[in-house]
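Shown next, in structure tokens, is the structure this report addresses.
Sequential numbering from 1 along the given sequence is applied to the chain's residues. Values reported hereafter were calculated over all heavy atoms of this structure, with side chains retained and with hydrogens, waters and symmetry mates removed.
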Amino acid sequence: MEKKSVSLEGKKVIMVPYMEAHVPKYHEWMQDPALLEATGSEPLTLDQEFHMQLSWTQDPHKQTFIVLDKEMLVGEFTHGDPHVEAMVGDVNLYMNDLDDPHMAEIEIMIAEPKSRGKGLGKESVLIMMAFAVENLGIHIFRSKIGDSNGASLTLFQKLGFEETSYSEIFKEVTLELQVTKPRHEELLNLLGNVVTHT
């Protein structure tokens, strides 16, 4: 499956493909122990981060977007321009459940503290879900969140995700959302308000 390069524009965010130009700032974020813990990530060198970015853009089982805060954009938005000045986080989809190709794991990170609590994470997750249902045939979304990450747990529960399991070892809650017909309509309506740039 060939990955299309698209940017998705909502009311508050623009989600752009993860580009090489984003890596230095992304790497800077991932030096923060709190973000590493919240995302369950290991610290990487800048070189490893560049390799990771390349592998992510080529992997058909991953879909990742960098989240831009529209309020921080300098000048007009141009698809293909990284707009590093407005980078505030990322949203990812992993489609690696071989038993169920219609299931994807979704995660969101708003790394910039000044951009939290503004609804950017919620809008990014909804746009990503609408995109995944429409373009990737996903019907079940799963999210694994550390039990100390209250903001993420609250966000996904508000979106209708329900807890399916808890890992005592990893101190992690697994939440799932089945995309029912009404939910699909809702997401499609949302996608109607999203501008796709190619």
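- Between Gln63 and Trp56, the side chains place no donor N or O within less than 3.5 Å of an acceptor N or O (distance only, hydrogens not considered).
- When atom types are taken as modelled, the side chain of Asp59 and the backbone of Ser55 share no donor-acceptor pair closer than 3.5 angstrom.
- Using a 30° and 60° split on the angle between ring planes, Tyr18 and Tyr26 fall in the tilted class, from 30° to 60°.
- When only modelled atom types and interatomic distance are considered, Asn149 and Asp147 share no side-chain donor-acceptor pair under 3.5 Å.
- Within the structure, the ring pair (Phe, Tyr, Trp, His ring centres under 6.0 Å) test picks out the following pairs touching residues 144-170 (sequence neighbours left out): Phe156-Phe161.
- Between Met72 and Leu68, every side-chain heavy-atom pair lies at or beyond the 4.5 Å cut-off.
- Atoms CG and NE2, on Asp69 and His83 in that order, are 13.0 Å from each other to the nearest 0.5 Å.
- Taking a 6.0 Å sphere around CD of Glu20, one finds it holds 12 or fewer heavy atoms contributed by other residues, nucleotides or ligands.
- You'll find the side chain of Glu49 stays beyond 4.5 Å of the side chain of Gln53, heavy atoms only.
- Closest approach of Trp29 to Met109, counting heavy atoms only: CE3-CE, 3.7 Å.
- Across every non-hydrogen atom of Ala104 and Met95, the tightest pair is CB-CG, 3.8 Å.
- With Glu105 contributing its side chain and Tyr94 its backbone, the two residues share no donor-acceptor pair below 3.5 Å.
- Note on Leu155 and Leu35: separate hydrophobic clusters, where clusters join Ile, Leu, Val, Met, Phe, Trp and Tyr whose side-chain heavy atoms are under 4.5 Å apart, directly or indirectly.
- Considering CZ of Phe65 and CG of Leu8, their distance stands at 4.5 Å, rounded to 0.5 Å.
- The shortest distance between side-chain heavy atoms of Leu36 and Pro43 falls below 4.5 Å.
- Remark: Glu163 CD is packed, more than 12 non-hydrogen atoms of other residues, nucleotides or ligands lying under 6.0 Å away.
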| request: Give the intermediate values and the outcome of side-chain contact (heavy atoms from CB on, under 4.5 Å) for residues Ile138 and Ile106. | output: CA-CA 11 Å; Ile138 301 298; Ile106 189 166; over 6 Å; no

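- In this structure a side-chain-to-backbone donor-acceptor pair under 3.5 Å is present from His102 to Gly137.
- For the pair Val16/Phe77, a side-chain contact is recorded, criterion being any heavy-atom separation below 4.5 Å from C-beta on.
- Between Met87 and His22, some side-chain heavy-atom pair lies under the 4.5 Å cut-off.
- The two residues Ala130 and Leu187 make their nearest non-hydrogen contact at CB-O, 3.5 Å.
- Taking CD of Glu162 as the reference point, atom CD of Glu176 lies at 10.0 Å (rounded to 0.5 Å).
- Of the possible donor and acceptor atoms, one in the side chain of Gln48 sits under 3.5 Å from a partner among the backbone N and O of Thr45.
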| task | Evaluate side-chain contact (heavy atoms from CB on, under 4.5 Å) for Leu177 paired with Ile140, printing each intermediate quantity in order. | result | CA-CA 6 Å; Leu177 175 72; Ile140 301 170; over 6 Å; no

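- For the pair Met15/Ile66, no side-chain contact is recorded, criterion being any heavy-atom separation below 4.5 Å from C-beta on.
- Considering all non-hydrogen atoms of both residues, Leu44 and Met52 come closest at CD1-CE, 3.7 Å.
- Placement of Leu54 and Val84 in two distinct hydrophobic clusters is found when ILVMFWY residues are connected by side-chain heavy-atom separations under 4.5 Å, directly or transitively.
- Scanning both residues, Met19 and Gly80, for their nearest heavy atoms gives SD-O, 3.7 Å.
- To the nearest 0.5 Å, the span separating CD1 on Ile145 from CD1 on Ile108 amounts to 11.0 Å.
- A donor-acceptor contact shorter than 3.5 Å links the side chain of Lys12 to the backbone of Lys118.
- A donor-acceptor pair under 3.5 Å is absent between the side-chain atoms of His197 and the main chain of Ser7, judged by distance alone.
- For the pair Thr180/Arg183, a side-chain contact is recorded, criterion being any heavy-atom separation below 4.5 Å from C-beta on.
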| request: Give the C-alpha distance, both sets of side-chain angles, the deciding distance and a yes or no for side-chain contact (heavy atoms from CB on, under 4.5 Å) between Met103 and Gln178. | output: CA-CA 9 Å; Met103 199 281 292; Gln178 299 260 356; over 6 Å; no

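- Side-chain atoms of Leu188 and Glu134, non-hydrogen and from C-beta on, do get closer than 4.5 Å to each other.
- Other residues, nucleotides and ligands contribute at most 12 non-hydrogen atoms within 6.0 Å of the CD atom of Glu42.
- Listed here is the closest heavy atom pair of Glu37 and Ser148: OE2-OG, 3.8 Å.
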| request: Mind running side-chain contact (heavy atoms from CB on, under 4.5 Å) on Val88 and Leu120 for me, showing each step along the way? | output: CA-CA 9 Å; Val88 295; Leu120 305 184; 4.1 Å; yes

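- Taken to the nearest 0.5 Å, the CG atom of Leu126 stands 12.0 Å off from the CE atom of Met128.
- Side chain of Glu123 to main chain of Val13: a donor-acceptor pair is present (N/O by atom type, distance under 3.5 Å, no hydrogens or angles).
- Interatomic distance, Leu159 CG to Met129 CE, rounded to the nearest 0.5 Å: 6.5 Å.
- More than 12 heavy-atom neighbours from other residues, nucleotides or ligands sit within 6.0 angstrom of NZ on Lys25.
- Although no hydrogens or angles enter the test, the distance criterion places no donor-acceptor pair under 3.5 Å between the side chain of Arg142 and the main chain of Thr174.
- Using a distance-only test at 3.5 Å, with no hydrogens or angles considered, no donor-acceptor pair links the side chain of Ser124 to the main chain of Val91.
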